[in-house]
Amino acid sequence: MSLPLEYYLVLSALLFTIGVIGVLIRRNAIIIFMCIELMLNAANLAFVAFSRHLGQAEGQLFVFFVMAVAAAEVAIGLAIIVSVFKHRETINVDEVNSLKG
Amino acid sequence: MPSEINIPEIDWSLIMPSLVIVSTMLIVLIFDLFDAISKRVLGLITIVGTAIALVVSVQLLQAGTNETQFNNMFRIDGYSLFFNIIFLISTILVVLISLSYLGRDDRKQGPYYLLILLATLGMMLMAAGNELIIVFLGLELMSLSLYVLAGYFRDNPASSEAGMKYLLLGAFASAFFLYGIALIYGATGTTSIPGIAENLTAESKSPLLFAGVFLLIVGFGFKVAIVPFHQWAPDVYEGAPTTIAAFISAGPKAAGFAAFLRIFMEALPAITPEWNIVLVVLAMLTMTVGNVIAIAQTNIKRMLAYSSIAHAGYVLIGLAAANKAGTSSAIMYLLIYCVMNIGAFGAVILAKTADGESLTISDYAGLGFKKPLLGMLMSLMLLSLAGFPPTAGFVGKFYIFKSAVEAGHYWLVIVGAINTAIAAFYYLRVVVTMYMREPEDELEFNPYPATLVIGLVLAAIGVLLLGILPSLIVDPVNAIALN
């Protein structure tokens with residue numbers, strides 16, 4: 001038995017929305033970063049679902065690239081967050097606010 | 001059952017500009033390993049490599065190249081080559097102003113130039129991408145390098161903070177961009193740019209497609225700092241090293257617009273009326289918000305950040321015109337904008353005092369007479385940004401507004417003209433401060449570094465040359481603009 005495409009798309013849209021809401025309301029930089037990863041994975045799910053639905057490999061190929069990019073982003077992201085933590089001893093984005101005007 | 005794999009034939013001469021950049025990167029990486037070699041050489045290698053790539057791009061452009069590579073994934077046409085020229089000129093100027101900005105024996109110079117080259121390569125991929133995968137990979141290659149560069153001065157809390165803000169908002173934007181691609185893929189069944197245009201028939205105009213295009217606009221909006229997705233820009237420009245602020249404001253913005261234009265003009269012409277109206281509204285908002293907030297700034301880097309947001313709005317006018325004149329004027333504006341904006345940031349670096357940079361606008365009081373060269377260069381760049389003749393800024397704005405009139409967007413031109421007047425106010429305020437006000441306290445200025453002056457003089461020559469002889473750029477740009 002195979003589920004129709006819509007099920008996957010709804011799940012993917014839900015995951016994406018949870019990710020967006022998480023970025024907007026959470027204040028811890030690491031959690032925000034995890035929510036962004038959730039958004040990327042929601043896109044991956046949509047790619048795979050479409051790819052299966054269309055009977056093409058293109059979408060699945062895209063997912064491999066996205067996973068590699070996401071891994072690189074995590075490496076850089078965590079390094080930058082650590083360097084902020086060294087200065088401020090906090091990664092709460094509301095408290096890291098010396099730049100404004 | 002097809003069992004053989006077709007390995008596409010690669011014409012190495014076509015991808016030479018990217019290859020030169022990659023080789024330069026490797027040379028910088030290897031030279032950085034040896035302590036016996038002065039770190040200063042690395043910057044010079046970067047300039048030489050970038051200049052070679054620039055020459056190769058110009059040659060390919062003059063030969064009228066129009067081909068694809070790697071199974072139609074990579075497009076080498078006049079459009080991508082001209083954008084290569086914009087990116088490479090920006091990179092050369094940024095490296096020239098960086099040479100003295102980083103300490104002479106700073107051990108961190110190697111990765112700095114490496115990341116600048118990587119970002120440049122990412123931009124070149126974005127302009128050449130004929131497939132959304134390539135555009136996405138180019139975008140990420142560029143963005144990831146820029147996140148690191150923005151937070152490059154780790155010992156400086158402001159720089160780290162700028163890096164983190166740029167990272168979080170940039171990654172957020174990339175996720176929107178990616179989800180947009182996924183939805184467009186679902187609606188049209190392909191991620192190839194010409195393929196999307198082919199598959200986009202009346203019945204495939206589904207809500208899925210519009211949702212995808214909307215997310216794509218949001219993603220690009222963040223990357224090129226369009227209102228209401230601009231909040232990261234002032235913070236990042238203020239906190240990042242000034243050279244990197246110059247870099248982020250120039251090349252990456254041009255690269256974002258390169259992909260923006262290519263995707264919307266070549267893949268989505270079938271729904272032009274729908275996206276057009278969105279861009280008109282965004283252009284008006286971006287110009288107005290950018291210019292009005294810039295008036296209130298006291299920090300010159302923040303002022304330039306808001307001014308660069310406003311300039312993204314002017315480029316959007318060209319996109320919204322959605323015709324050949326619009327594309328060519330947007331491309332021309334991007335080249336002019338890159339040169340004059342890097343010049344303006346370079347002038348800020350030139351005004352370095354013994355205890356750091358003077359970033360408050362009131363610090364510039366009396367500088368015009370005390371430091372004639374600095375005053376002249378700064379005034380020239382600001383007048384060009386404001387769009388006064390006979391500078392290049394005027395030529396750029398003239399063609400942008402002309403294309404909008406041709407497309408019938410009169411309101412856009414009126415809003416743009418009002419904005420030019422608002423912008424003149426805050427640019428001229430700096431010039432007036434420099435020439436007409438007495439300095440409050442005596443600031444000790446550092447002597448001018450030679451490389452920085454060379455970079456600035458080159459930018460100044462570019463701004464004046466294009467302002468006096470616009471045909472130098474108008475004709476080549478018209479030849480390569482997307483239809």
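Just so it is clear: chains get the letters A, B, ... in the order the sequence lines come, proteins before strands, and each one is counted from 1.
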Answer yes if the side chains of A/Gln56 and A/Ser51 hold a donor-acceptor pair under 3.5 Å, and no otherwise.
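Looking only at side-chain atoms, A/Ser51 and A/Gln56 do not form any donor-acceptor pair under 3.5 Å.
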Without hydrogens or angle criteria, can the side chains of B/Thr191 and B/Glu131 be said to hold a donor-acceptor pair below 3.5 Å?
yes
Contacting moiety of [X], where chain A heavy atoms sit under 4.5 Å:
X	answer
B/Ala162	both
B/Pro234	neither
B/Leu137	side chain
B/Ser143	neither
B/Glu140	side chain
B/Leu168	both
B/Asn156	backbone
B/Phe136	side chain

Largest heavy-atom contact set with chain B, pairs under 4.5 Å, which of [options]:
options	answer
A/Ala46, A/Ser83, A/Ala49	A/Ser83
A/His53, A/Glu58, A/Met39	A/Glu58
A/Val20, A/Leu9, A/Val93	A/Val20
A/Ala68, A/Gly59, A/Gly19	A/Gly59

[X] and [Y] aromatic centres sub-6.0 Å:
X	Y	answer
A/Phe64	A/Phe47	no
A/Phe62	B/Tyr185	no
B/Tyr166	B/Trp232	yes

Does NZ or CZ of B/Lys301 come closer than 6.0 Å to the centre of the six-membered ring of B/Phe345, within 45° of the ring's axis?
no
Measure distances from [X] to the heavy atoms of chain B and classify the residue's part below 4.5 Å as side chain, backbone, both or neither.
X	answer
A/Leu40	both
A/Val96	both
A/Ala13	both

Select, from B/Val236, B/Leu208, B/Ile181, the one with the greatest count of heavy-atom pairs under 4.5 Å involving chain A.
B/Ile181
Evaluate the side-chain proximity of [Y] to [X]: yes if any heavy-atom separation is below 4.5 Å, no if none is.
X	Y	result
A/Leu45	A/Phe16	no
B/Glu161	A/His87	no
B/Leu125	B/Leu141	yes

Against A/Ile80, only a single residue in A/Leu78, A/Val82, A/Ile76 fulfils side chain to side chain contact (heavy atoms under 4.5 Å, CB included); can you say which?
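Passing option: A/Ile76.
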